[in-house]
Asker: 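Below is the structure I would like to discuss, written out as structure tokens.
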Amino acid sequence: MENLTRQEYISRINKVFDFIESNYSREITLEELAEVAHFSKFHFTRIFAAGVGETPFKFIQRVRLEKAATFLLLYPNESVSDIATKTGFTDLAIFSRNFKMQFGNSPSVYRSERLKNSNISQTESNQKQTDLVLGNYFCRQFETLKTETMELNKSVEVKKLPAMSLSYLRYIGPYQGNENLFEQLWNKLFGWAGPRGLIGGPDFKSLIIYHDDPNITDDGKLRLSVCITVPKETKPDGEIGRMELEEATYAIGRFEVTAADFSKAWGWFYGTWLPQSGYVPDDKPCFEMYPEEPKDGKFIVDICVPVKPL
């Protein structure tokens with residue numbers, strides 16, 4: 001273990017993150033996580049806690065509770081019990097107790113308070129309530145920006161995107177409005193990929209995947225991954241990880257924006273387009289995809305939200 005580099009530790013912890021993200025709805029054992037990380041069970045918990053700031057159990061529980069908080073608003077017609085099961089809790093009482101400890105209210109009160117605070121009358125449909133709550137996903141002040149953001153939108157289409165093999169560089173912490181951070185992450189990822197001949201080609205894509213809801217997860221624990229598409233045989237390399245993004249149906253909105261406009265674009269997409277679309281978000285990561293390089297401070301970006309019919 002003394003010979004392992006910092007990058008190797010990051011790589012192994014990232015694999016654990018990815019495993020938990022794909023399996024949070026079922027029981028996950030310490031033995032499984034230690035095996036994914038290629039550490040002995042004896043050392044794994046201490047290493048994970050030192051690197052992440054939480055024990056594996058606390059991390060898994062937090063991710064499940066944050067997923068549950070999102071689902072309570074995303075699926076207003078589903079029972080609290082069903083959402084508890086969907087997020088990996090087998091005992092409703094334990095789920096409710098832990099949820100209250102995390103968010104200050106029981107799941108049912110949390111749901112009703114959040115919907116009520118959206119200024120939606122009780123006579124309006126559950127779907128409209130959900131759509132407007134979700135409109136705050138990336139921009140809490142989007143209501144006053146709808147008209148301005150409409151001008152930034154070039155098109156919206158719903159289509160199935162094929163599975164993608166990705167190499168990624170992950171970041172944990174606050175990121176909104178931090179242009180320097182994104183520039184550093186992209187430079188580091190492209191600096192790794194360039195000498196390996198992994199940049200360019202007709203099918204090459206660059207993405208930013210957002211793993212957490214910034215209205216629920218503390219800023220210091222938000223996770224994002226800057227990614228590029230790579231051949232399937234590409235191996236992880238230290239802190240450069242590998243993941244597969246499964247085939248799914250997405251609503252894809254194309255925008256021309258400055259760095260200051262990203263929140264506006266997200267806010268309009270969730271707050272204006274989505275409620276009128278006949279779709280609701282699906283339980284998969286959303287991401288930004290960049291079809292071309294920025295020019296003169298302007299970005300062409302495809303905001304990709306996984307969706308399913310009402």
Side-chain angles (χ1 to χ4, degrees), residues 7-8 10-23 36 63 137-138 159-176 178-214 217 221-255 257 259 262 265-266 269 281-294 299-307:
Q7 287 73 23
E8 179 64 17
I10 292 173
S11 174
R12 295 189 186 196
I13 296 301
N14 279 339
K15 289 177 182 177
V16 174
F17 285 159
D18 294 340
F19 181 84
I20 292 170
E21 190 76 22
S22 299
N23 294 279
V36 168
V63 168
Y137 195 91
F138 275 89
K159 68 177 185 180
K160 186 170 289 187
L161 292 180
M164 289 183 272
S165 298
L166 303 173
S167 288
Y168 67 83
L169 180 62
R170 182 156 295 154
Y171 170 79
I172 301 175
Y175 54 76
Q176 289 185 323
N178 192 339
E179 296 178 48
N180 290 334
L181 168 68
F182 286 99
E183 183 178 359
Q184 291 168 10
L185 293 172
W186 282 121
N187 286 343
K188 192 168 189 177
L189 181 60
F190 276 82
W192 170 86
R196 292 164 174 79
L198 297 174
I199 298 175
D203 298 322
F204 178 79
K205 295 179 177 63
S206 57
L207 303 78
I208 299 178
I209 297 177
Y210 298 95
H211 300 279
D212 303 295
D213 181 340
T217 303
K221 295 176 180 176
L222 289 171
R223 295 168 295 154
L224 66 80
S225 300
V226 295
C227 313
I228 57 171
T229 52
V230 294
K232 280 185 173 293
E233 62 271 17
T234 305
K235 303 295 183 184
D237 182 18
E239 60 186 313
I240 306 298
R242 281 276 291 111
M243 74 169 86
E244 298 294 324
L245 195 65
E246 65 183 25
E247 178 182 271
T249 299
Y250 289 87
I252 304 171
R254 176 158 292 189
F255 297 84
V257 296
F262 278 87
W266 278 100
F269 201 20
D282 202 358
D283 178 28
K284 295 178 178 63
C286 54
F287 57 88
E288 296 166 353
M289 189 158 53
Y290 299 87
E292 56 185 71
E293 293 185 11
F299 298 81
I300 301 297
V301 59
D302 290 338
I303 291 178
C304 302
V305 176
V307 294

Asker: Find the distance between CD1 (Ile208) and SG (Cys286) and round it off to the nearest 0.5 Å.
Answerer: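 Between Ile208 CD1 and Cys286 SG, I get 11.5 Å after rounding to 0.5 Å.
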Asker: Decide yes or no for Ser206 and Met289: does some side-chain heavy atom of the first lie under 4.5 Å from some side-chain heavy atom of the second?
Answerer: no
Asker: So, using salt bridge (charged side-chain N to carboxylate O under 4.0 Å, His left out) as the criterion, who are the partners of Lys205 when residues are at least two apart?
Answerer: none
Asker: Would you give the length of the straight line joining atom CD of Glu239 to atom OH of Tyr168, rounded to the nearest 0.5 angstrom?
Answerer: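 So the CD of Glu239 and the OH of Tyr168 are separated by 11.0 Å.
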Asker: I want to check something: taking the side chain as every heavy atom from C-beta on, are Leu222 and Ile172 in contact at a cut-off of under 4.5 Å?
Answerer: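 When only atoms from C-beta onward are counted, Ile172 and Leu222 do not touch, as no gap falls below 4.5 Å.
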Asker: How far apart are the closest heavy atoms of Val307 and Ala251, and which atoms are they?
Answerer: CG2-N, 3.7 Å
Asker: Show, in sequence, the C-alpha distance, side-chain angles and deciding distance for Glu244 and Ser165, and conclude whether the side chain to side chain donor-acceptor pair (under 3.5 Å) test is met.
Answerer: CA-CA 5 Å; Glu244 298 294 324; Ser165 298; 2.9 Å; yes
Asker: Hey, could you give me the CG/CD distance between Asp237 and Glu8, rounded to the nearest 0.5 Å?
Answerer: 9.0 Å
Asker: Would you say the side-chain atoms of Ser22 pair up with the backbone N or O of Phe19, donor to acceptor, closer than 3.5 Å?
Answerer: no
Asker: Report yes or no: does Asn178 contribute a side-chain atom to a donor-acceptor pair with the main-chain N or O of Leu181 at less than 3.5 Å?
Answerer: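 At least one qualifying donor-acceptor pair exists.
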Asker: Tell me the closest heavy-atom pair linking Leu198 and Pro231, and the distance in Å.
Answerer: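 For Leu198 versus Pro231, the nearest heavy atoms are CD2-CD, 3.9 Å.
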Asker: What's the spacing between Asn23 CG and Asp18 CG if we round to 0.5 Å?
Answerer: 10.5 Å
Asker: May I ask you to test the Arg12-Ile10 pair for a side-chain heavy-atom distance under 4.5 Å?
Answerer: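 No, every pair of side-chain atoms sits at 4.5 Å or beyond.
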Asker: So how far is it from Lys235 NZ to Ser11 OG, rounded to the nearest 0.5 Å?
Answerer: 12.5 Å
Asker: Of the non-hydrogen atoms in Asp203 and Thr229, which two are nearest, and what is the gap between them?
Answerer: O-OG1, 3.5 Å
Asker: When you compare the side chain of Leu189 with that of Ile240, does any pair of heavy atoms fall below 4.5 Å?
Answerer: yes
Asker: Could you check if a side-chain atom of Leu166 sits within less than 4.5 angstrom of a side-chain atom of Ile228, using non-hydrogen atoms only?
Answerer: no
Asker: Carefully, step by step, assess Arg170 and His211 under the rule side-chain contact (heavy atoms from CB on, under 4.5 Å).
Answerer: CA-CA 10 Å; Arg170 182 156 295 154; His211 300 279; 3.7 Å; yes
Asker: With a 4.5 Å limit on heavy-atom distance, are the side chains of Phe287 and Leu161 in contact?
Answerer: yes
Asker: Closest approach of Pro285 and Tyr250, non-hydrogen atoms and distance?
Answerer: O-CE2, 4.0 Å
Asker: Would you give the length of the straight line joining atom CD1 of Ile252 to atom CD of Glu288, rounded to the nearest 0.5 angstrom?
Answerer: 13.5 Å
Asker: Taking the six-membered ring for Trp and the single ring otherwise, decide whether the centroids of Phe262 and Phe182 are under 6.0 Å apart.
Answerer: no
Asker: Just by distance, no angles: are the side chains of Glu292 and Tyr290 close enough, under 3.5 Å, to form a donor-acceptor pair?
Answerer: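 The criterion, which ignores hydrogens and geometry beyond distance, is not satisfied for Tyr290 and Glu292.
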Asker: Any heavy-atom pair between the side chains of Val257 and Trp266 that's under 4.5 Å?
Answerer: no
Asker: Please check if any side-chain donor atom of Ser167 sits under 3.5 Å from a side-chain acceptor atom of Arg242, or the reverse.
Answerer: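 There is no such pair between these side chains.
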Asker: Does any part of the side chain of Phe255, heavy atoms only, come nearer than 4.5 Å to the side chain of Ile303, both counted from C-beta?
Answerer: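 Yes; the side chains approach each other to less than 4.5 Å.
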